[in-house]
Colleague: 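Sharing a structure here in structure tokens format.
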Amino acid sequence: MTQESENTLKVGREAFAYFHHGLETGDWKQFLDMLTEDFTFWFPMGKFHGLNVGKQRAQEFFQYVTQSFSPGLKLTSLDRVTSNETTVVFEFRDEGMLFGEPYKNRVAVSFDVRDNKICSYREYFGSDGKSN
């Protein structure tokens with residue numbers, strides 16, 4: 001593993017710890033602080049479907065996540081972490097309540113790293129939102 005790959009993995013793991021904290025508590029400050037000003041994210045459905053640009057849009061998105069999954073999502077397993085020089089992908093399972101209904105899912109999130117910050121995020125998950 002190159003020095004650049006090791007650093008990308010380190011930054012990605014730190015960001016994922018803050019991401020995980022945000023999912024569970026609704027406190028996204030530390031994760032948002034790790035985003036670049038030109039941050040972009042891609043989400044597969046709903047009002048944030050497709051490409052979204054900017055930290056402000058990200059803040060709106062993560063506030064929406066907190067509202068949708070009140071009282072928070074619990075990460076039940078971290079199944080795989082894959083990385084290269086610029087990107088870290090986390091595959092995990094989570095569960096909680098989505099708008100008051102039981103929710104379980106398998107999720108993959110991808111963080112692109114630039115200058116020790118997260119410059120891009122992509123999320124992928126099961127189509128029915130109830131995968132075991």
Colleague: Measuring from N116:CG to T8:OG1, what's the distance to the nearest 0.5 Å?
Modeller: 8.5 Å
Colleague: May I ask you to check whether F19 and F90 place their ring centres under 6.0 Å from each other?
Modeller: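 Not under 6.0 Å, so no.
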Colleague: What's the separation between atom CG in L35 and atom CZ in F41, rounded to the nearest 0.5 Å?
Modeller: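 So the CG of L35 and the CZ of F41 are separated by 10.0 Å.
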Colleague: Kindly indicate, with the supporting measurements, whether the criterion side-chain contact (heavy atoms from CB on, under 4.5 Å) is fulfilled by I118 and F39.
Modeller: CA-CA 7 Å; I118 305 303; F39 176 78; 3.9 Å; yes
Colleague: Less than 4.5 Å apart, any side-chain heavy atom of V113 and any of M34?
Modeller: no
Colleague: Is a side-chain N or O of K117 found less than 3.5 angstrom from the main chain of D33, in a donor-acceptor match?
Modeller: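 Here the side-chain-to-backbone pair exists.
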Colleague: Is it the case that the side chains of S5 and T2 hold a donor-acceptor pair, with the cut-off being a distance below 3.5 Å and no angle test?
Modeller: yes
Colleague: Taking 4.0 angstrom as the limit, do R114 and D38 come out as a salt bridge?
Modeller: yes
Colleague: What's the shortest heavy-atom distance between L78 and L75, and which atoms?
Modeller: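 Where L78 meets L75 most closely, the heavy atoms are N-CD2, 4.2 Å.
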Colleague: Answer yes or no: is there an ion pair linking E24 with K74, defined by an N-O contact shorter than 4.0 Å?
Modeller: no
Colleague: Looking at K55, I'd like to know if its NZ atom is crowded, meaning that more than 12 non-hydrogen atoms belonging to other residues, nucleotides or ligands lie closer than 6.0 Å.
Modeller: yes
Colleague: Side-chain contact, heavy-atom cut-off 4.5 Å: M97 with P102?
Modeller: yes
Colleague: I want to know whether F16 and F31 have ring centres closer than 6.0 Å.
Modeller: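 Not close enough - the centres of the two rings lie 6.0 Å or further apart.
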Colleague: Hey, mind stepping through Q59 and Q56 against side-chain contact (heavy atoms from CB on, under 4.5 Å) and telling me if it holds?
Modeller: CA-CA 5 Å; Q59 186 171 358; Q56 178 61 40; 3.8 Å; yes
Colleague: Answer whether the closest heavy-atom distance between the side chains of T82 and R80 falls below 4.5 Å.
Modeller: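 Sidechains of R80 and T82: in contact.
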Colleague: Consider only side-chain heavy atoms of I, L, V, M, F, W and Y, link residues closer than 4.5 Å, and tell whether V65 and Y124 are in one cluster.
Modeller: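 Cluster IDs for V65 and Y124 differ.
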Colleague: As a quick check of understanding, evaluate side-chain contact (heavy atoms from CB on, under 4.5 Å) for D27 and H21, giving each step before the final call.
Modeller: CA-CA 7 Å; D27 176 7; H21 176 76; 3.5 Å; yes
Colleague: Determine, stepwise, if the pair V88 / V81 fulfils side-chain contact (heavy atoms from CB on, under 4.5 Å).
Modeller: CA-CA 7 Å; V88 185; V81 179; 3.8 Å; yes
Colleague: If we ignore angles and hydrogens, is there a donor and acceptor under 3.5 Å between the side chains of Y18 and E14?
Modeller: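 Indeed, the side chains of Y18 and E14 share at least one donor-acceptor pair under 3.5 Å.
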Colleague: So, the side chain of S70 versus the backbone of T66: is there a donor-acceptor pair under 3.5 Å, distance only?
Modeller: no
Colleague: Consider only side-chain N and O atoms of D79 and S77, and report whether a donor and an acceptor are under 3.5 Å apart.
Modeller: yes
Colleague: Please tell me whether F43 and F125 form a close aromatic pair, meaning their ring centres lie under 6.0 Å apart.
Modeller: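 Ring centres of F125 and F43 closer than 6.0 Å.
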Colleague: Side-chain heavy atoms nearer than 4.5 Å, only ILVMFWY residues, links allowed to pass through others: does that put L98 and M45 together?
Modeller: yes
Colleague: Under a 4.5 Å cut-off applied to non-hydrogen side-chain atoms, are K47 and Y64 in contact?
Modeller: yes
Colleague: Answer whether the closest heavy-atom distance between the side chains of T76 and D94 falls below 4.5 Å.
Modeller: no
Colleague: Once rounded to the nearest 0.5 Å, what's the spacing between atom NZ of K10 and atom OG of S83?
Modeller: 14.0 Å
Colleague: Just checking W42 against F48, ring centres under 6.0 Å apart?
Modeller: no
Colleague: Classify the side-chain pair T86/D112 by whether it contains a donor and acceptor separated by less than 3.5 Å.
Modeller: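 No, D112 and T86 have no side-chain donor paired with an acceptor closer than 3.5 Å.
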Colleague: Nearest 0.5 Å, what's the OG-CG distance between S120 and L51?
Modeller: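 Rounded to the nearest 0.5 Å, the OG-CG separation comes to 8.0 Å.
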Colleague: Give me the atom names and distance for the closest heavy-atom approach of Y103 to L73.
Modeller: CD2-CD2, 3.7 Å
Colleague: What is the distance from atom OG1 of T40 to atom OH of Y121, rounded to the nearest 0.5 Å?
Modeller: 12.0 Å
